[in-house]
There are 2 protein chains.
Amino acid sequence: MDGSGSGPVRRAAVRLSDVAREAGVSAPLASRVLNGHASARAAAETKARILEVAERLGYVPNVAARSLRASRTGLIGLVVHDLSSPIYLELMRGARAEAAAHQYFLVLGDIDELLADDEAFNIFVNGRRVDGLIVQGGHQGFDQRIGDIARAVPTVVVNAPASPDETGAGSGSVTVSHVYPDEPSATRLLTEHLLDLGHTRIGLVSGPRDSMTNRLREKGIRDALEEAGLGLRPEDLVFGDWSADSGRRGLRVLAERWHDEHAGRPTALVAGNTLIGIGILGAAAEEGLRVPQDLSVAAVHDTWISEHLVPTLTTVSLPLHEVGTAAVRQLLAGSGSPRDVVLTEPRPVLHPRSSSARLQ
Amino acid sequence: MDGSGSGPVRRAAVRLSDVAREAGVSAPLASRVLNGHASARAAAETKARILEVAERLGYVPNVAARSLRASRTGLIGLVVHDLSSPIYLELMRGARAEAAAHQYFLVLGDIDELLADDEAFNIFVNGRRVDGLIVQGGHQGFDQRIGDIARAVPTVVVNAPASPDETGAGSGSVTVSHVYPDEPSATRLLTEHLLDLGHTRIGLVSGPRDSMTNRLREKGIRDALEEAGLGLRPEDLVFGDWSADSGRRGLRVLAERWHDEHAGRPTALVAGNTLIGIGILGAAAEEGLRVPQDLSVAAVHDTWISEHLVPTLTTVSLPLHEVGTAAVRQLLAGSGSPRDVVLTEPRPVLHPRSSSARLQ
DNA sequence: TCGATCGGAACAATCGATTTATCATTTGTA
DNA sequence: TACAAATGATAAATCGATTGTTCCGATCGA
């Protein structure tokens with residue numbers, strides 16, 4: 001990458017001044033015209049000439065110079081828990097689309113990697129490398145730093161409401177916006193689906209018990225059950241994290257209880273997210289539980305993989321695409337008005353598949 | 001993000017000149033010392049003082065200014081086919097680690113999104129937003145533009161050898177480096193595993209027939225079969241793309257042939273990648289084929305999901321982490337010496353799981 | 001003792017785009 | 001007719017870090 005030696009010849013950079021000279025005008029004027037600046041007072045033909053020359057020469061502005069002068073990088077950082085999770089794909093797409101509409105680019109990051117590398121964290125957050133940050137909430141250890149992060153760069157937390165963990169350490173505390181979907185409605189929809197299929201005892205395998213996300217999801221289930229005159233039994237609940245491994249362990253724990261107690265068992269489980277659902281399906285097979293004959297399973301979040309599992313997984317989809325777009329909009333709207341945005345539209349949608357069936 | 005109004009107060013930026021003034025030296029000297037520049041002739045105590053002040057004030061260099069002067073952004077673009085594919089995770093991690101070791105950051109991109117947005121493509125490639133590009137090869141339509149891309153920014157293609165599609169359109173053609181793992185050894189390993197289990201008729205569901213990646217993978221299978229005195233029958237081959245849907249369709253096509261021909265069928269299939277493997281498992285279940293009793297399946301690439309499928313999927317892992325690190329190294333080594341790097345170390349590793357079993 | 005050398009550090013130029021202030025030239029109006 | 005206002009465009013300053021050059025004083029060899 002030294003550009004020296006007998007290597008290939010790269011096209012020399014075309015500068016704004018090159019365009020200006022070729023068009024017979026000054027650089028500032030060219031700048032105004034090319035940026036469609038309101039105060040670009042120039043004769044129509046001059047404008048046309050500048051645009052034509054820029055096009056012909058293949059002029060592309062030097063981002064570094066522009067950033068320096070405008071103290072604006074044109075980049076938004078999007079930091080999620082785990083880049084490999086199919087769950088965030090729609091969020092990323094939504095955010096990318098909205099960002100692109102405002103001439104912004106997205107830089108993707110992974111919370112664990114960011115926390116593991118202090119240097120990277122510092123540069124990312126304090127180095128003015130991004131104009132704003134969209135952060136997936138609900139990560140202990142990261143939520144605690146949200147205050148510090150937000151003090152350095154405008155920040156929006158997605159997929160989680162404000163949590164007690166988010167301390168605005170010290171004075172000059174900065175509050176951040178939160179953008180998240182209507183979680184209770186989603187799990188309510190799943191629960192009602194299972195109730196419709198005749199299930200009366202329904203369990204839950206979820207992420208961290210005290211995470212705001214879990215609380216909201218659990219609430220949706222409880223509400224639906226209560227309305228049906230039923231309840232959520234403590235022994236039918238398992239918590240862990242949001243991974244497939246955790247779902248697998250969750251089912252094992254439940255199965256063990258079922259062996260011990262001889263007190264009946266739930267005939268359907270709600271999975272806190274798709275990864276947990278995948279773990280449950282895998283563990284159920286190993287435990288000799290047939291899905292859906294012996295156990296129905298329904299999970300939060302719809303991803304491409306849901307249709308390719310054996311059996312295919314019943315899910316509810318949340319408007320993550322819109323969460324992404326709304327987060328970018330909120331970020332660009334300025335930090336003056338931190339607020340919570342709950343996306344109730346579009347509504348969560350149920351995707352019934354083979355993992356849930358009528359109770360025999 | 002306007003920073004105006006009654007919004008929260010953000011920490012004012014600490015400039016190099018602030019550090020210099022506080023330390024009682026000039027900015028250039030502070031710059032040299034902080035960057036550990038060889039020609040930084042400064043008294044030991046002066047150095048210490050500068051470092052201490054920088055630390056105390058929380059100085060972080062302004063990337064825009066640095067980029068402008070040094071014409072170096074500190075960013076490397078990594079562009080893969082599909083960000084949601086678990087296959088690229090290790091590649092990303094490897095590239096990130098190596099990049100970080102050289103003070104570089106990674107900007108992730110998605111080929112389809114990049115191709116869909118001309119503006120984004122242009123800025124990404126021609127806007128000097130990144131110092132180098134690592135591109136996942138084997139994408140028709142993108143391979144054709146590699147020549148143009150490489151002419152604008154140093155580029156390394158990963159996971160695919162040079163293909164005929166890569167035309168260096170026009171004069172001043174630029175050749176790029178290719179970094180990829182030992183594909184034939186991987187599929188050979190899978191095939192030998194299946195042979196060991198007693199299978200004598202083995203099929204293949206792969207990606208695009210003429211893609212270099214498929215050719216290499218197919219070759220590994222053919223070699224292993226030939227050594228065992230067997231061959232790959234044309235009717236046991238299906239091609240498509242690298243998606244789960246394609247794997248699903250692939251199995252359907254094969255199953256149809258088996259119905260028609262009454263001429264026997266393969267008892268084991270090699271899947272061109274994990275996504276195809278997932279599709280095969282799903283479709284097999286729907287076709288009433290039990291895996292592994294009726295059909296063994298083994299796939300290229302080992303991902304977290306392999307262990308969570310039903311049944312768990314036998315795979316072979318390629319050193320994608322090392323492909324990532326090697327790609328970054330090749331990029332940073334300079335464009336003077338484009339070359340093909342075939343990573344034969346570490347060797348592909350077989351991960352036998354439940355989807356493959358001894359022929360009954 | 002004089003010039004050469006070297007350590008220690010500052011000065012000035014530079015990267016490329018944007019923004020503010022400024023200067024001409026018209027056009028419109030009292 | 002003369003002066004204000006609008007139009008069209010430029011000169012100069014700026015963003016913050018880096019790099020090449022220069023400067024000063026002290027030490028050293030001849």
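Proteins get letters first, then strands, A, B, ... in listed order; numbering begins at 1 in each.
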Q) Could you give the CZ-to-P distance, from B/Arg72 to D/dA17, as a whole number of Å? A) 15 Å
Q: Provide, to the nearest angstrom, the distance between the CZ atom belonging to A/Arg69 and the P atom belonging to D/dG16.
A: 9 Å
(Q) Can you see if the side chain of B/Asn62 gets near the phosphate of D/dC15 - specifically, an N or O under 4.0 Å from OP1 or OP2? (A) no
Q) Looking at C/dT19, D/dT21, C/dT20, which one has an atom nearest to any side-chain atom of A/Pro28? A) C/dT19
Q) Any side-chain N or O of B/His37 under 4.0 Å from OP1/OP2 of D/dT18? A) no
Q.
For D/dA9 and A/Ser26 - does any side-chain N or O of the residue sit under 4.0 Å from the phosphate oxygens OP1/OP2?
A. no
**Q.** Short side-chain N/O contact from A/Arg66 to OP1 or OP2 of C/dT18, under 4.0 Å
**A.** yes
Q) Touch check for B/Ser71, heavy atoms < 4.0 angstrom, all strands: base, sugar-phosphate only, or nothing? A) nothing
Q) Which distance, rounded to the nearest 0.5 Å, do you find between the CZ of B/Phe105 and the CZ of B/Arg96? A) 8.5 Å
**Q.** Value in whole Å for how far the P atom of C/dC15 lies from CG of A/Leu16
**A.** 14 Å
(Q) Distance check needed: D/dT19 P versus B/Leu29 CG, whole Å only. (A) 14 Å
Q: Could you point out which residue of B/Leu75, B/Ile76, B/Ile134 forms a side chain to side chain contact (heavy atoms under 4.5 Å, CB included) with B/Leu106?
A: B/Ile76
Q: State whether B/Arg21 and B/Asp18 are salt-bridged, where the test is any N-O pair (Lys NZ or Arg NE/NH1/NH2 against Asp/Glu carboxylate O) under 4.0 Å.
A: yes
Q: Find the distance A/Leu34:CG to C/dA17:P and express it as a whole number of Å.
A: 10 Å
Q | Ion pair A/Arg56/A/Glu52, N-O distance below 4.0 Å | A | yes
**Q.** Spacing of B/Asp18 atom CG relative to D/dG16 atom C1', expressed in whole Å
**A.** 10 Å
Q: For the side chain of B/Ala42, starting at C-beta, report the closest nucleotide among C/dG16, D/dA17, C/dA9.
A: C/dA9
(Q) I need the CZ-C1' distance between A/Arg15 and C/dA17, as an integer number of Å. (A) 12 Å
Q: State which of C/dA9, D/dT18, D/dT10 makes the closest approach to the side chain of A/Val25.
A: D/dT10
Q: May I have the distance from B/Arg32 (atom CZ) to D/dA17 (atom C1'), rounded to whole angstrom?
A: 12 Å
(Q) Between A/Ser17 and B/Thr46, which residue's closest nucleotide on DNA chain C lies nearer the 5′ terminus? (A) B/Thr46
Q: Would you indicate what B/Ala43 reaches in the nucleic acid, counting non-hydrogen atoms under 4.0 angstrom: base, sugar-phosphate, or nothing?
A: sugar-phosphate
Q. When you measure from the side chain of B/Ser177 to the backbone N and O of B/Val156, does any donor-acceptor pair fall under 3.5 Å?
A. no
